[in-house]
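Presented below is the structure to which this report refers.
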Amino acid sequence: MEFDKQKQRAEELTNLLNKYNYEYYILNNSSVSDQEYDALMEELMNLEQARPDLKSRLSPTSRVGGGVSNGFKKITHSRMMLSLGDVFNKDELYDFNARISKELNQDEVRYMAEVKIDGLAMSLVYRNGELVYGATRGDGNVGEDVTNNLLTIPSIPTHIPDKRDIEVRGEVYMSKPVFEMLNKQREKEGLPLLANCRNAAAGSIRQLDSKIAASRKLSAFWYYLVNGEELGFKYHSDCLDYLKKLGFVTNPERKVVKGLNGIMDYVDEYFQKRPNLDYDIDGLVFKVDNLASQDDLGYTMKTPRWAIAYKFPPTQVVTKLEDIIITVGRTGRVTPNAILSPVRVAGSLISRATLNNEDFIKNLDIRIGDYVYLHKAGDVIPEVCGVDKSRRNKDSVEYQFPDECPICHTKLVKSESEIQARCPNENCPSRNINKLIYFASDYGMDIKGLGDNLIEQLFNEGFLTNFDDFYHLKDHETDIMMLDGVGKKTCEAIFSAIESSKKNTLEMLLAGLGIPLVGKKTAQILAKHYLNLDRLISTSIDELASLQDIGLKTANVIYDYFHNTSNLEIIEKLRQDGVNFNCLTINTNQKDNFFKGKRFVLTGSLASYSRDEITKILENLGAKSSSSVSKQTSLVIVGSEPGSKFNKAQQLGIPIMEEEELIEKLNEINKEEN
């Protein structure tokens with residue numbers, strides 16, 4: 001009987017605390033005092049401590065944190081979390097509206113206008129009315145499961161009255177008053193100050209100890225019901241109203257506006273209101289409100305075509321230019337950088353900013369010792385944008401851009417078509433270090449644990465000079481462990497990450513090689529079209545140039561890269577090291593494709609894939625592999641020197657597919673995906 005009473009009381013306390021959270025955070029009208037709420041919370045915590053079996057995963061006591069995670073597991077989003085395209089002036093907003101109006105054939109399009117919270121994008125998934133998990137955006141496809149930390153945000157509902165599968169997206173942020181309070185507290189304790197609200201929110205949500213996340217007092221706004229149309233809604237604005245009814249905090253500053261005039265009025269209104277909001281916004285968002293129209297307009301690879309983010313003109317400050325230093329990137333590009341007296345810009349402490357190129361310095365007549373105007377381009381990248389010449393020292397001298405590389409002292413070059421000088425020395429240490437850093441970064445092979453400084457140390461020690469050297473670092477384990485800050489556990493983690501990188505996708509390898517003009521998007525296009533690095537290497541300039549979004553200039557650069565003897569030698573070494581050269585990420589979630597449901601048999605040797613690799617690809621597409629040919633076989637795939645299975649397939653009249661046709665079919669599937 002005692003068991004039943006304790007269980008019943010735990011349920012009563014849970015229901016009451018959830019009710020009071022809803023009143024306080026959603027309705028802004030609490031029916032109990034803080035003291036009464038705290039007493040109920042303490043009672044439930046004591047009860048759960050005495051009886052751990054009564055504590056559920058979504059208990060209100062999770063709001064105070066306390067669990068320490070070993071790390072965050074990966075979550076693959078059911079639908080890609082795209083970022084928004086940015087515009088920076090009213091002319092670009094005019095162009096956006098003109099395009100939408102033309103494509104929808106509407107004179108006055110209906111938009112939902114919202115403020116753009118400067119926080120961390122997040123997704124919540126509910127099933128049967130219960131929160132299953134919350135995840136960060138990550139790279140758009142795969143994020144991190146941060147559910148435990150999200151539970152410390154009291155406004156996030158753990159249960160909702162709608163029992164259907166629902167995904168909600170929004171922004172976790174730190175309010176200005178909380179940010180100021182925490183920094184005052186940290187200053188008293190002698191701790192480093194938090195840089196700005198956004199970084200503080202992002203850092204808090206990724207704490208392994210949820211008690212730390214709870215102490216940061218985060219908030220959240222929810223602005224997107226992912227499956228709204230499937231749930232029966234016509235307008236995005238209706239979805240937001242429904243989210244509020246379900247118990248989610250939606251931003252009250254939103255407004256349905258009509259056409260260009262409505263957009264411009266909203267911009268003017270919130271340009272004035274921005275400083276008075278108690279949270280940071282870095283712009284405004286305009287979304288086509290009709291969900292069917294959103295589907296008609298569609299998406300690019302990275303952004304929805306039915307929405308745009310208008311970024312506010314950046315905040316500008318004045319500070320002293322102490323020095324100009326030159327850096328040399330992986331492609332040899334030489335970039336001047338301003339060393340500044342530290343100054344806070346849009347919430348961040350800035351002591352360094354880009355000066356772009358030699359012409360930029362000349363046009364603004366920037367000199368060492370000047371007081372310069374500084375802003376954040378796009379509210380993100382620190383950039384010098386002018387000089388206060390009234391404060392210039394009369395003894396200042398015009399800055400002379402160097403004519404040789406500051407690292408290897410090779411004479412710099414710059415063609416008429418280039419705006420930046422380059423170091424042409426392929427063996428320039430700075431270029432090579434930056435190539436290695438890029439290869440290991442999340443832009444390339446994403447080898448965790450290999451930071452910029454460590455890679456530079458390994459280069460200077462002679463352990464790391466080319467890409468293939470990453471896969472032989474274990475040979476230097478004893479010496480590496482003697483470097484500052486590198487212990488046995490660090491080494492083991494790095495070696496494990498290096499070994500795992502051998503299985504990375506072809507597109508990651510292509511991006512990591514640092515081929516000029518080949519970023520992530522181009523690498524993805526190449527990987528999905530050619531499916532295999534050897535096929536890409538042997539292709540022609542004309543075929544490369546015919547691919548969507550490649551063009552002749554990029555095609556020439558790619559062709560030249562793969563016809564450079566030194567590059568081919570490194571690629572061959574990577575092959576010998578066991579690095580994957582095949583595209584194994586064909587659209588495995590596609591509902592319908594040529595191979596789905598077919599039973600296939602392989603015979604002979606394929607040039608592009610091993611038997612295991614092609615079997616895995618086809619099985620992921622829904623086909624079934626068989627070792628023998630029978631009347632139930634749908635397809636026989638034939639390579640060079642086929643065996644008796646080929647003859648039997650001919651006798652039974654079973655369709656035969658050669659490797660060239662197989663590659664064509666796989667390419668068609670990838671095109672349909674795009």
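Here, residue 1 is the first one in the sequence, and each next residue gets the next number.
With sequence neighbours excluded, the residues satisfying ring pair (Phe, Tyr, Trp, His ring centres under 6.0 Å) with H476 are F463. In this structure Y235 satisfies the ring pair (Phe, Tyr, Trp, His ring centres under 6.0 Å) test with no other residue, sequence neighbours excluded.
Of all heavy-atom pairs spanning M481 and C491, the tightest one is CG-SG, 3.5 Å. Between I153 and A220 the shortest heavy-atom distance is CG2-N, 4.5 Å. Summarising the geometry of H563 relative to I537, their closest heavy-atom pair is CE1-O, 3.9 Å, with the distance given to 0.1 Å. Heavy atoms only, all atoms of each residue included: C239 and F233 are closest at SG-CB, 3.7 Å. Taking all atoms of both residues into account, the shortest heavy-atom contact from P304 to S83 is CD-O, 3.3 Å. Closest approach of L662 to M657, counting heavy atoms only: CA-SD, 3.5 Å.
A donor-acceptor pair is defined here as one N or O able to donate and one able to accept, closer than 3.5 Å; such a pair exists between the side chain of H77 and the backbone of T136. Formation of a donor-acceptor pair under 3.5 Å by the K502 side chain with backbone atoms of G578 is not found in this model. Within the 3.5 Å criterion, the main-chain N or O of S605 finds a donor-acceptor partner in the side chain of S640. N466 contributes no side-chain N or O that, together with a main-chain N or O of I570, makes up a donor-acceptor pair within less than 3.5 Å. Between the S500 side chain and the S496 main chain, a donor and an acceptor come within less than 3.5 Å of each other. A donor-acceptor distance shorter than 3.5 angstrom exists from the side chain of N227 to the backbone of D165, with no hydrogens or angles considered. A donor-acceptor pair is defined here as one N or O able to donate and one able to accept, closer than 3.5 Å; such a pair exists between the side chain of Q294 and the backbone of V288. Looking at T303, its side chain never comes within 3.5 Å of a backbone N or O of G85 through a donor-acceptor pair. No donor-acceptor pair under 3.5 Å is formed between the side chain of S626 and the backbone N or O of R599. Between the S538 side chain and the R535 main chain, a donor and an acceptor come within less than 3.5 Å of each other.
Taking CG of L526 as the start and CG of L506 as the end, the distance is 8.5 Å to the nearest 0.5 Å. The distance from atom CE of M508 to atom CG of L513, rounded to the nearest 0.5 Å, is 12.0 Å. Taking CD1 of I433 as the start and CG of L464 as the end, the distance is 9.5 Å to the nearest 0.5 Å. The CZ atom of F600 sits 12.0 Å away from atom NZ of K624, with the distance rounded to the nearest 0.5 Å. A distance of 13.0 Å separates CG in N105 from CD1 in I100, rounded to the nearest 0.5 Å. With rounding to the nearest 0.5 Å, the separation of CG in N556 from CD1 in I541 is 4.5 Å.
Between F467 and F439, the two ring planes are parallel [angle under 30°; tilted spans 30° to 60°]. Below 30°, between 30° and 60°, or above 60°: for H236 and Y224 the angle between ring planes is between 30° and 60°, a tilted geometry.
Partner of R575 under the side-chain contact (heavy atoms from CB on, under 4.5 Å) criterion, out of D534, L533, D468: D534 alone.
Aromatic ring centroids of Y530 and F581 lie 6.0 Å or more apart.
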Pair W222-M122, side chain to side chain contact (heavy atoms under 4.5 Å, CB included): steps then yes or no
CA-CA 9 Å; W222 304 98; M122 200 68 57; 4.1 Å; yes

Assess whether side chain to side chain contact (heavy atoms under 4.5 Å, CB included) is satisfied between I654 and V629, documenting all intermediate values.
CA-CA 9 Å; I654 294 169; V629 178; 3.5 Å; yes

Run the numbers on D162 and Y242 for side chain to side chain donor-acceptor pair (under 3.5 Å), then give the verdict.
CA-CA 10 Å; D162 194 323; Y242 185 62; 2.5 Å; yes

Quick one, E130 with T158, criterion side chain to side chain donor-acceptor pair (under 3.5 Å). Give me CA distance, side-chain angles, the key distance, then yes/no.
CA-CA 6 Å; E130 183 176 293; T158 57; over 6 Å; no

Using side chain to side chain contact (heavy atoms under 4.5 Å, CB included), reason through I498 and L450 one step at a time and then give a plain yes or no.
CA-CA 9 Å; I498 290 171; L450 280 173; 4.2 Å; yes

Decide yes or no on side chain to side chain contact (heavy atoms under 4.5 Å, CB included) for T565 and L568, but give the supporting numbers first.
CA-CA 5 Å; T565 303; L568 292 177; 5.8 Å; no

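Ion pairing between a basic and an acidic side chain is recognised when a charged N comes within 4.0 Å of a carboxylate O; K573 and E569 show no such pairing. At a threshold of 4.0 Å, the pair R79-E167 does not count as salt-bridged, since none of the basic side-chain nitrogens sits closer than that to a carboxylate oxygen. Salt bridge status for E492 with K488: present, with a side-chain N to carboxylate O gap under 4.0 Å.
At a threshold of 4.5 Å between non-hydrogen side-chain atoms, the residues F286 and M112 do not count as touching. Between N432 and N434, every side-chain heavy-atom pair lies at or beyond the 4.5 Å cut-off. Side chains of Y126 and Y133 form no contact here, defined as non-hydrogen atoms less than 4.5 Å apart.
Stacking of R330 on the aromatic ring of Y438 is recorded, both the 6.0 Å distance cut-off and the 45° axial limit being met. Cation-pi check for K598 over F594 is met; the charged atom lies under 6.0 angstrom from the ring centroid and within 45 degrees of its normal.
For the residue pair D145 and T147, a side-chain donor N or O sits within less than 3.5 Å of a side-chain acceptor on the partner. Side chain to side chain, E171 and Y223 meet the donor-acceptor criterion of an N or O pair below 3.5 Å. Counted by atom type alone, S237 and R110 present one or more donor-acceptor pairs between their side chains at under 3.5 Å. In this model, a donor atom of one side chain and an acceptor atom of the other lie less than 3.5 Å apart for Y471 and S501.
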